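Sequence lines set the chain letters: A, B, ... in the order given, protein chains first and strands last, and positions in each chain run from 1. Quick note: numbers below take in every heavy atom, side chains included, and nothing from hydrogens, waters or symmetry partners. What you see is a predicted model; the values in this text were computed from it and never measured.
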Amino acid sequence: MRLATWNVNSLPVRLPQVLDWIDRKAPDILCLQETKVPDGRFPSAPFRDLGYEILFRGQPAYNGVAILSRRPLSDPLRDFPGESDPECRLLGATAGSLRILNLYVPNGQDLETPKYRYKLAWLARIASLVEEEKARYPGLALLGDFNIVPEDKDAHDPVALAGQIFLSAPERQALSRITGLGLHDAFRLLHPEPGHYSWWDYRQGMFRRNMGLRIDLILLSSSLEKTLLSAEIDREPRKNERPSDHAPVFVDLADS
DNA sequence: ATGGCTGTCAAAGACAGA
């Protein structure tokens, strides 16, 4: 079973690339972020034609998340329980014994801004949600754009970026709170070395020079971690014309 | 170097991203 996540930075713009990637990699479940498309304009047909069930929640211009699945989805979660976040950043669904949470963590802009405080508050709500979800669903996977650099080796220049947005201690503590609930960074379990990134700035030839950040993560509960076969960041779509600034990340799990 | 790209909305340039 192949689980994937990709921040596409506009699904309308990237649709041909997403369809091409599905054709090449055949994910069973694909979580998308930054679809930037309101629900009434979501391009459902091409995905349904490929045999995917779709769950999506979008808004004009910003944010937006979607889950595509070749297996039937149930128990959809479209927002935090009992409240309404005006920003479309969270989707959950169940596929068999697998529970999926698709996250688009707020960027946070800069420390000492309201957006940073929103990011930390959002992450605290996620930690509570994950606690509840994990109690209900042992086979839990969090996939998405976390907008946090977990460790210094996940950044091309951790010295220059030290203490700044994405690397600040409160952000890393928020991520640690989630991983401390028993969720494991799948890519890191198999690839401990530095130099692996999932995002590269469009400017200054950052991709060509492999100066990026690893901020797109797949976190697996212990029962899923035991079935982990492989984890990859696919750099190929970043070489396309008009690419997303993020690469897709995927894991293969043994059917258990 | 409060820069540089890219996308949205809307029809220029502000806002946001990371």
Next item on the list: Enter the distance from A:Q173:CD to A:I178:CD1 here, rounded to the nearest 0.5 Å.
Entry: 12.5 Å
Check: Going from CG on A:L55 to CZ on A:R78, what distance comes out if it is rounded to the nearest 0.5 angstrom?
Finding: 6.0 Å
Between [N] and [M], how far is it from one [atom1] atom to the other, in whole Å?
N      : M      : atom1 : answer
B:dT8  : B:dT2  : C1'   : 22 Å
B:dG17 : B:dA11 : P     : 22 Å
B:dA10 : B:dC15 : P     : 15 Å
B:dA12 : B:dG7  : C1'   : 15 Å
B:dA14 : B:dA1  : P     : 24 Å
B:dC9  : B:dG4  : C1'   : 23 Å

Notebook entry, point to check: Quick one: is the NZ or CZ of A:R214 closer than 6.0 Å to the six-membered ring centre of A:Y197, and within 45° of its axis?
Noted result: no
Notebook entry, point to check: Hey, does the Lys NZ or Arg CZ of A:K119 hover above the aromatic six-ring of A:F166, less than 6.0 Å from the centre and inside 45° of the axis?
Noted result: yes
Using atom [atom1] of [X] as one end and atom [atom2] of [N] as the other, report the distance to the nearest whole Å.
X      : N      : atom1 : atom2 : result
A:R208 : B:dG4  : CZ    : P     : 18 Å
A:Y62  : B:dG17 : OH    : P     : 8 Å
A:Q204 : B:dT6  : CD    : P     : 12 Å
A:N7   : B:dT6  : CG    : P     : 15 Å
A:Y118 : B:dG17 : OH    : P     : 10 Å
A:D145 : B:dA16 : CG    : C1'   : 13 Å
A:D201 : B:dG3  : CG    : P     : 11 Å
A:N63  : B:dG7  : CG    : C1'   : 13 Å

Can you give me the N/O atom pairs linking the protein to nucleotides 10-12 of chain B at distances under 3.5 Å, or say none if there are none?
none

Check: When A:P150 is tested against each of A:T179, A:L175, A:L167 for side chain to side chain contact (heavy atoms under 4.5 Å, CB included), which residue passes?
Finding: A:L175
Base, sugar-phosphate alone, or nothing: which one does [X] contact when heavy atoms must sit under 4.0 Å apart?
X      : value
A:Y104 : sugar-phosphate
A:P12  : nothing
A:N147 : sugar-phosphate

Does a side-chain N or O of [X] approach OP1 or OP2 of [N] to a distance below 4.0 Å, or not?
X      : N     : value
A:R14  : B:dT6 : no
A:R242 : B:dG7 : yes
A:S244 : B:dT6 : no

Notebook entry, point to check: Between residues 153-169 of chain A and DNA chain B, which residues have a heavy-atom gap below 4.0 Å?
Noted result: A:F166
State plainly whether the residues [X] and [Y] are in salt-bridge range, i.e. N to O under 4.0 Å.
X      : Y      : answer
A:R70  : A:E53  : no
A:D201 : A:R208 : no
A:R172 : A:D152 : yes

Check: Looking at the side chain of A:R89, which of B:dG4, B:dT8, B:dG17 is the nearest nucleotide?
Finding: B:dG17
Check: Which listed nucleotide (B:dT6, B:dC9, B:dA16) is nearest to the side chain of A:K115?
Finding: B:dA16
Next item on the list: Could you label the plane-to-plane angle of the A:H246 and A:W199 rings as parallel, tilted or perpendicular, counting under 30° as parallel and over 60° as perpendicular?
Entry: tilted
Margin query: Using 30° and 60° as the class boundaries, would you call the ring planes of A:F187 and A:H196 parallel, tilted or perpendicular?
Written below: perpendicular
Check: Given that A:G205 and A:K36 both sit by DNA chain B, which one's nearest nucleotide is further toward the 5' end?
Finding: A:G205
Note to self: Tell me whether A:N210 contacts the main-chain N or O of A:F207 through its side chain, where contact means a donor paired with an acceptor under 3.5 Å.
What the structure shows: no
